Student: 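Please see the structure below; I have some questions.
Note: hydrogens, waters and symmetry copies are ignored here, and every other heavy atom, side chains too, is used. No experiment lies behind these values; they were computed from the predicted model shown.
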Amino acid sequence: MKMVNSFDVKRAAAGIRRINLDGLRWRVFDAKGQILGRLASQIATVVQGKDKPTYTPNRDDGDMCVVLNAKDICVSGRKLTDKVYYWHTGYIGHLKKRTLQDQMAKDPTDVIRKAVLRMLPRNKLRDDRDRKLRIFPGSEHPFVDRPLEPYVMPPRTVREMRPRARRAMIREQKKAELQQQNNDGIKKGKKRDAPEESA
């Protein structure tokens, strides 16, 4: 595993001294191919410590979260072009905006950070929980010497389709198969007629 350059190491290690690392687990999330919101909700749960039986809302018992491959995150639907981040500079008429696609090109780590922070409660523990979140665009990170535990995403439970929708889908599939068979039959018929005309 390659090491990141010195600037990234300084940036990644910023604020670590403020965190009491005694008894904390280092959880590693691989964002490659994961849906943004689903990953962010799991990270928010671990950062708050809600996955532990000792969770209390007034104490910060969350674990350190290292997120890798932030540039390979996925979103569903048309969110790449339709999701917009807004911010205001403070000057009159200076409402700025940037689409998710532009933000991914500029800084993919910021996309995951915003998604996780917006899922956390707005209280005094929020800054400490933010410090426990370390996000990297690639697979290189400076925490190789730590006891890292890969986090396994829970399996998705997909709801069964409603009967009417399922019947409509089956009808469409049968219709497509019939059209495909008709097209194949027309092509085969043309091939058979061609040798007879030449004979």
Student: Is R131 paired with D128 through a side-chain N to carboxylate O contact shorter than 4.0 Å?
Tutor: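 Yes, this pair counts.
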
Student: Compare every heavy atom of P108 with every heavy atom of P137, then report the nearest pair and how far apart it is.
Tutor: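 Nearest heavy atoms, P137 then P108: CB-CG, 4.1 Å.
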
Student: In this structure, would V28 and M64 fall into the same cluster of hydrophobic residues linked by side-chain contacts under 4.5 Å?
Tutor: yes

Student: How many angstroms lie between CZ in R167 and CZ in R164, if you round to the nearest 0.5 Å?
Tutor: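 The CZ atom of R164 is 7.0 Å from CZ of R167, to the nearest 0.5 Å.
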
Student: Using residues 42-51 as the side-chain source, report each donor-acceptor pair under 3.5 Å to any protein atom, sequence neighbours left out, with the distance given to one decimal.
Tutor:
from : atom 1 : to   : atom 2 : distance (Å)
Q42  : OE1    : Y151 : OH     : 2.7
T45  : OG1    : S41  : O      : 2.9
Q48  : NE2    : A44  : O      : 3.2
D51  : OD2    : R27  : NH1    : 3.2

Student: Is K79 close to I35 at the side-chain level, that is, under 4.5 Å between some pair of heavy atoms?
Tutor: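 No, too far: nothing below the 4.5 Å cut-off.
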
Student: Kindly compute the distance separating OG1 (T81) from CG (D102), expressed to the nearest 0.5 Å.
Tutor: 10.5 Å

Student: So, D61 and R59, do they make that salt bridge, N to O below 4.0 Å?
Tutor: yes

Student: Answer yes or no: does atom CZ of R122 have more than 12 heavy-atom neighbours from other residues, nucleotides or ligands under 6.0 Å?
Tutor: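 It does: R122 CZ has more than 12 such atoms within range.
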
Student: Considering non-hydrogen atoms only, spot the tightest contact between A40 and A115 and give its length.
Tutor: CB-CB, 3.8 Å

Student: As a quick check of understanding, evaluate side-chain contact (heavy atoms from CB on, under 4.5 Å) for R113 and D107, giving each step before the final call.
Tutor: CA-CA 10 Å; R113 184 173 303 281; D107 185 14; over 6 Å; no

Student: Taking the side chain as everything from C-beta on, heavy atoms only, tell me whether Q34 gets closer than 4.5 Å to M153.
Tutor: yes

Student: Quick one: list whatever passes side chain to side chain donor-acceptor pair (under 3.5 Å) with K71, sequence neighbours left out.
Tutor: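 In terms of side chain to side chain donor-acceptor pair (under 3.5 Å), with neighbours along the sequence ignored, K71 is linked to no residue.
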
Student: Given the rule that I, L, V, M, F, W and Y join up when any side-chain heavy atoms are under 4.5 Å apart, are L39 and M104 in one cluster?
Tutor: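 In one cluster with L39: M104, yes.
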
Student: Kindly check if the number of other-residue, nucleotide or ligand heavy atoms within 6.0 Å of NZ (K114) is above 12?
Tutor: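 Result for NZ/K114: enclosed.
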
Student: Mind listing the closest non-hydrogen atom pair of A31 and I112 along with its distance?
Tutor: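 Closest heavy-atom pair between A31 and I112: CB-CD1, 4.3 Å.
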
Student: Quick one: list whatever passes ring-ring contact (aromatic ring centres under 6.0 Å, His included) with H88, sequence neighbours left out.
Tutor: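 H88: no ring-ring contact (aromatic ring centres under 6.0 Å, His included) contacts found.
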
Student: Same cluster or not: are F29 and V111 linked, directly or through other Ile, Leu, Val, Met, Phe, Trp or Tyr residues, by side-chain heavy atoms under 4.5 angstrom apart?
Tutor: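 The answer is yes; both residues are in one hydrophobic cluster.
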
Student: How far apart are the closest heavy atoms of N69 and S139, and which atoms are they?
Tutor: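 Scanning both residues, the minimum pair turns out to be OD1-N, 3.4 Å.
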
Student: Quick one: does R126's side chain have a donor or acceptor within less than 3.5 Å of a partner on L117's backbone?
Tutor: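 It does hold such a pair.
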
Student: Just to verify, what does L80 make a side-chain contact (heavy atoms from CB on, under 4.5 Å) with, not counting sequence neighbours?
Tutor: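 If we apply the side-chain contact (heavy atoms from CB on, under 4.5 Å) test to L80, skipping adjacent residues, the hits are V75, L100, Q101.
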
Student: Could you list who else is in V84's hydrophobic cluster, with ILVMFWY side chains joined at under 4.5 Å, directly or through other members?
Tutor: Y86, L95

Student: Is the number of heavy atoms from other residues, nucleotides or ligands within 6.0 Å of CD1 (I92) greater than 12?
Tutor: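 For I92, atom CD1 is not crowded (no more than 12 foreign heavy atoms under 6.0 Å).
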
Student: Are V116 and L36 connected into the same hydrophobic cluster when the rule is that any two of I, L, V, M, F, W, Y join if their side-chain heavy atoms are below 4.5 Å apart?
Tutor: yes

Student: Write down the atom of L148, the atom of F143, and the distance for their closest heavy-atom approach.
Tutor: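 Shortest heavy-atom contact: CD1-O, 3.6 Å.
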
Student: Look up atom CG in L178 and atom CG in N183, then write down how far apart they are to the nearest 0.5 Å.
Tutor: 11.0 Å

Student: Can you name the residues that form a side chain to side chain donor-acceptor pair (under 3.5 Å) with T89, not counting sequence neighbours?
Tutor: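 Here no residue qualifies.
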
Student: In this structure, would Y55 and L125 fall into the same cluster of hydrophobic residues linked by side-chain contacts under 4.5 Å?
Tutor: no

Student: Quick check: closest heavy atoms across W26 and P147, and the distance to 0.1 Å?
Tutor: CB-O, 3.7 Å

Student: Could you tell me whether the side chain of K132 reaches within less than 4.5 Å of the side chain of L24, counting heavy atoms only?
Tutor: yes

